[in-house]
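Working notes for the structure below.
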2 protein chains.
Amino acid sequence: MIEAASNPVTTVMRALADPTRRAVFERVFESKEITVAELTRGSGVTQGAISQHLKSLKQAGLVAERAEGRNVYYRAAPQGLEPLVTWMDHYGVFWRERFQNLRDLLKEIDP
Amino acid sequence: MIEAASNPVTTVMRALADPTRRAVFERVFESKEITVAELTRGSGVTQGAISQHLKSLKQAGLVAERAEGRNVYYRAAPQGLEPLVTWMDHYGVFWRERFQNLRDLLKEIDP
DNA sequence: CTAATATATTAGTATTAGCTAATTGAATGG
DNA sequence: CCATTCAATTAGCTAATACTAATATATTAG
């Protein structure tokens with residue numbers, strides 16, 4: 001029962017398990033587009049560290065980038081979360097725990 | 001912007017980021033109840049390692065245990081996944097991507 | 001052209017994580 | 001009892017991780 005080589009779930013989980021890196025993802029997500037310099041500001045770590053975190057997030061499919069001049073703009077790629085959604089869905093937590101939300105939503109959709 | 005002390009999301013993500021430990025969780029989930037000995041069998045690691053993983057999972061709120069004689073029976077606690085659900089929900093991935101499932105589900109609930 | 005800015009990368013370091021082997025403490029079966 | 005089994009814990013090893021400081025490479029500003 002030895003695990004196969006690093007599957008997507010592992011890659012994404014590991015990328016998001018580190019609080020600093022997860023905070024980077026969150027900031028990227030909240031701003032439509034953001035540069036490395038901006039992300040570095042107020043992050044508490046160096047620019048190099050931020051670049052390293054962005055590299056991990058990119059490999060995990062959680063962010064994408066666009067170079068423009070000497071700036072590189074990063075944006076979130078929430079589809080990168082899909083492996084987690086699928087994994088958790090398999091364990092049946094969503095519909096079970098979200099049933100109340102579901103009901104609320106139903107009223108809004110089809111009152 | 002220094003992160004506060006280990007929040008639940010970090011705890012759960014880290015618990016599930018390791019493939020071996022995640023496999024343990026999966027096996028615990030699949031069997032209603034399972035002993036450490038059974039989990040060790042075919043896991044590829046020693047009993048000590050399994051106990052250590054179970055400790056992490058327990059701290060993350062993902063499993064619970066019941067001692068009976070010299071055996072300890074573990075069971076999954078899927079509510080422990082709640083921090084992840086909440087975190088991901090905040091990033092809006094569920095309803096967007098699961099709308100078709102939602103429609104299917106609706107028919108079953110209220111045909 | 002030169003200086004400054006933005007980002008990536010690299011080498012080195014300290015900490016953490018996962019593992020084994022060995023031990024301990026219970027509980028059970030002969 | 002005594003030997004065996006189950007599980008938790010511990011010490012010690014190794015590998016991975018997150019970080020900094022320094023450097024390299026572009027690009028832009030003056």
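Order of the sequence lines fixes the chain letters, A, B, ..., with proteins taken first and strands second; residue numbering starts at 1 for each chain.
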Contact nearer the 5' end of DNA chain D, comparing A:Gln47 with B:Val72: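 The residue whose closest nucleotide sits nearer the 5' end is B:Val72.
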Close side-chain approach of B:Ser31 to B:Glu38, heavy-atom, < 4.5 Å: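 With C-beta onward as the side chain, the pair stays apart.
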Flag side-chain contact, heavy atom, 4.5 Å: B:Phe29 against A:His90: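 No, too far: nothing below the 4.5 Å cut-off.
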Donor/acceptor link under 3.5 angstrom from A:Glu65 side chain onto base of C:dT7: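 Side chain to base: no pair below 3.5 Å.
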Side-chain-base donor-acceptor pair under 3.5 Å for B:Gln52 and D:dT10: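 Yes.
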Can you find a side chain N or O atom of [X] that sits less than 4.0 Å from OP1 or OP2 on [N]?
X: B:Thr46; N: C:dC19; answer: no
X: A:Thr20; N: D:dC19; answer: yes
X: B:Arg70; N: D:dT4; answer: no
X: A:His53; N: D:dC19; answer: yes
X: A:Ser51; N: C:dT9; answer: no

Nearest-neighbour nucleotide for the A:Val36 side chain, C:dA8, D:dA11, D:dA18 considered: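 Ranking C:dA8, D:dA11, D:dA18 by closest atom to the A:Val36 side chain puts C:dA8 first.
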A:Lys55, nearest nucleotide to its side chain (from C:dT7, C:dT9, D:dA18):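 Closest nucleotide to the A:Lys55 side chain: C:dT9.
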Worked verdict on A:Leu84 versus A:Leu16 for side-chain contact (heavy atoms from CB on, under 4.5 Å): CA-CA 11 Å; A:Leu84 285 203; A:Leu16 295 171; 4.2 Å; yes
Quickly work out the [X] [atom1] to [N] [atom2] distance and round it to whole Å.
X: A:Leu54; N: C:dA6; atom1: CG; atom2: P; value: 15 Å
X: B:Arg22; N: C:dA17; atom1: CZ; atom2: C1'; value: 16 Å
X: B:Glu33; N: D:dA7; atom1: CD; atom2: P; value: 12 Å
X: A:Ile34; N: C:dT7; atom1: CD1; atom2: C1'; value: 15 Å
X: A:Asn71; N: D:dT28; atom1: CG; atom2: C1'; value: 10 Å
X: A:Tyr73; N: C:dT7; atom1: OH; atom2: P; value: 8 Å
X: A:Leu57; N: D:dA18; atom1: CG; atom2: C1'; value: 13 Å
X: A:Glu38; N: C:dA6; atom1: CD; atom2: C1'; value: 12 Å

Donor-acceptor pair, side chain of B:Arg21 and main chain of B:Arg14, under 3.5 angstrom: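 Yes; at least one donor-acceptor contact below 3.5 Å.
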Polar side chain donor-acceptor pair, A:Ser51 to A:Gln47, under 3.5 angstrom: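 Short answer, yes.
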B:Asn7 and B:Thr10 side chains, donor-acceptor separation under 3.5 Å: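 Distance-only check passes for B:Thr10 and B:Asn7.
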Scan [X] against the nucleic acid and name what it touches under 4.0 Å (heavy atoms): base, sugar-phosphate only, or nothing.
X: A:Tyr74; answer: sugar-phosphate
X: A:Gly69; answer: sugar-phosphate
X: A:Ala49; answer: base

